[in-house]
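Notes follow the structure.
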Amino acid sequence: MPKKKTATKRPLSSAKNRLEQLDKQYLWHPFTQMQDWEKEPQVIIESGKGSWLVDTRRKRYLDGISSLWVTVHGHRKKEIDQAVSRQLKKIAHSTLLGLSNVPAVLLAEKLVAIAPKGLSRVFYSDNGSTAVEVALKIAFQYWQQKGPEFQRKTGFLSLTEAYHGDTLGSVSVGGIALFHSLYRPLLFQARRIESPYCYRCKFGLTYPLCQTTCLMHAERTIQKFASVSAALVIEPLVQGAAGMLLQPPGFLKRIRDICTRNNILMIADEVATGFGRTGTMFACEQEKVVPDIMAVAKGITGGYLPLAATLTTEEIYLAFLGEHRDLRTFFHGHTYTGNPLACAAAAANIDLFRKEKTLQRLQPKIKLLAKGLAEMRKLAHVGEVRQKGFMVGIELVKSRLTKEPYVLDEKIGIRVVQECRKNGLIIRPLGNVIVLMPPLSTSPQELERMLDIVHAAIKRVTEKA
Ligand SMILES: *Cc1c(COP(=O)(O)O)cnc(C)c1O
C-alpha cells in the first residue's frame, strides 16, 4: 500500500489521528469494502468553500464530483447558508402529515414553475431512491384506480444498466448486476429494454448507421408488455451510475411517444440529471419531453440537505381523489417529508439559478470541458469519453483496438482516482469509468486544473504498467 504523502508541514495533532481511529472503529461506509478501508489511510473532510474541500490535515482538494453529484452553486454558498439559518430561527421541523409548513409550500410552487410543463403536483420524500419508490407506487396505484380494465397493469419496464437507487423497489427496476444480482430473491421482476450503450452496442452496430435498432427492439418489448405494465422508468439522456452512458439524439423522445401510444406511464428519473447537470434545468427539456412522473433529488438543495420530490401530472393526481371510504388515498409518507430546513435550502438553490444566470454562464464552461476532454481522447487507454453538459465519463480500456476492459482486480479506476487525490482532486470512479461532475459554479481555471490532474493521472497509471 503506498504511504500517504503528508501534505502539510505542521505535525499531525493526535486529535486528527484519533478521528481516523474512531472512524475505523465505529463507521460502516456505503458501497465500501471495509476490510480495505480499515487498512488504508483515509481522508476526513472538515470544511469546504466553492469548489474546494479541506481535510483535517488542511490539505485542499477540488471537488470533482460535487460531493457525489449534489453540490450545485458551490460549498458554503452565502444565499443558501442564509436561507437555512433564517429558517432555523423559525422552526427546524414540522410534519406534512395533517399539517403544512411555509417552505414546503413555497418550494412546491417553484418546482412546478421550473419543471417540464404539465407536471403540476409535488410529493416530497428524502432521497433519490424514495423519490423513485414513490413514483413506482403512484404509477401502480394510478392504474388500479383508473378502472377494472386496467387492473392487470402492475408491471414495470426499465433499461438494462439502469440505476434508480438502493431501496428494494428502486433496485428491482435497476439493472447494474454488480450492485443488484445478489438481492434478486428480494425483488419484483421488471421487463428490460436494452440500454443504448453505443460504445458496446448489444446489437453489434454503429451509430448512426444502426438507425437506432435498439429503439425498434424497445418498441417491440414495450408493445408486448404494455397491457401488463404500469410504467417505464428511464434516466433521461444519461445513465449516470452505469458510467455516464449517453442516449443517441431522439432516443428519449421516441421512448416518450412509444409509451404514449401503448398507454403506459413514463417515469423520468432526473435524480442525477436534474438542476442543470446536463446543461438545461432538466434533461427532458432537451428533447421537449414531458414525463408523466418525474423524480428529483441530488441537486435539489444545492447539496445542502437530504430532500427529494416526485412530480406528477394533474391527471394522475386526480385519479387519487375520492371519498375517504373509497381508499384512493396515497398511503405513503416519510417522517421528515417536506422538512422546512431542506425546503428552504432548495428554494434558495432554485432562486440562485435566475439570480446568477447559472445555466447561461454554464454554456461556455461546457465547451471548455469538451476541449479539455478532446485531449483525454488521445491517451492510449481511453476507450471513450462521454460528456453531456457537466456530466462526464471517461471509459478506460486495456486495448483501444479490441475495447477489452480492465478486469476488476486491476482496480484501474480506483488507482486513477487515488493518483488524482494525491494531486488535490477528489473524484470517484464507476468501475473502469472515471467520472467528472464538477459543481456548476466551478470556474474555468478550476475546470482546467481538474482536467490537467485527471489527464496526468490516467497517463501515469495506465501507461506505467
Ligand atoms: C443517485 C441516484 C438515485 C438514488 O438517489 P439516493 O439519494 O442515493 O437514494 C436514483 N436515481 C438516479 C438516476 C441516481 O443517480
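Order of appearance sets the numbers: ligands from 1, and atoms from 1 within every ligand. Owing to the predicted nature of the structure, the values given are computational and were not obtained by experimental measurement.
Shortest contact from atom 15 (O) of ligand 1 to any protein heavy atom: Lys298 NZ, 2.7 Å. With hydrogens left out, the protein atom closest to atom 9 (O) of ligand 1 is Ser129 OG, 2.5 Å, a heavy atom.
Under a 4.0 Å N-O distance rule, the pair Arg256/Glu287 does not qualify as a salt bridge. A salt bridge is defined here as a Lys NZ or Arg NE, NH1 or NH2 lying under 4.0 Å from an Asp or Glu carboxylate O, and Lys117 with Glu285 fails to meet this definition. Between Lys137 and Glu133, no side-chain nitrogen of the basic residue sits less than 4.0 Å from a carboxylate oxygen of the acidic one, so the salt-bridge criterion is not met. Under the 4.0 Å criterion applied to side-chain N and carboxylate O atoms, Glu419 and Arg421 are not assigned as salt-bridge partners.
In this structure, Tyr124 contributes its side chain and Ala108 its backbone to a donor-acceptor pair below 3.5 Å. Under the 3.5 Å distance criterion, the side-chain polar atoms of Glu270 are matched with a main-chain donor or acceptor of Cys284. Counting only distance, with no hydrogens or angles, the side chain of Arg377 and the backbone of Val385 share a donor-acceptor pair below 3.5 Å. Side-chain atoms of Ser66 come within 3.5 Å of backbone N or O of Met437 as a donor-acceptor pair.
Atom numbering of ligand 1 starts at 1 in the shown order; those under 4.0 Å from a heavy atom of Tyr163 are 1 (C), 2 (C), 3 (C), 11 (N), 12 (C), 13 (C), 14 (C). Using a 4.0 Å cut-off to heavy atoms of Gly165, the atoms of ligand 1 that qualify are 4 (C), 10 (C). When each atom of ligand 1 is checked for a heavy atom of Asn127 under 4.0 Å away, the hits are 7 (O), 9 (O). With ligand atoms numbered from 1 in the order given, ligand 1 contributes 4 (C), 5 (O), 6 (P), 7 (O), 9 (O) to contacts under 4.0 Å with heavy atoms of Gly128. Close contacts between ligand 1 and Ala272 involve ligand atoms 15 (O) [criterion: under 4.0 Å to a heavy atom]. Proximity to His164 (heavy-atom distance under 4.0 Å) selects the following atoms of ligand 1: 10 (C), 11 (N).
Only the side chain of Glu235 comes within 4.0 Å of ligand 1, judged by heavy-atom distances. Only side-chain heavy atoms of Trp69 come within less than 4.0 Å of ligand 1; its backbone N, CA, C and O stay farther off. When heavy-atom distances to ligand 1 are checked against a 4.0 Å cut-off, Val271 comes that close only through its side chain, counted from C-beta outward. Under 4.0 angstrom from ligand 1, there are no non-hydrogen atoms of Ala297.
A heavy-atom separation below 4.0 Å is found between Asp269 and ligand 1.
Taking the six-membered ring wherever Trp is involved, the centroid distance between the rings of Trp37 and His29 falls below 6.0 Å.
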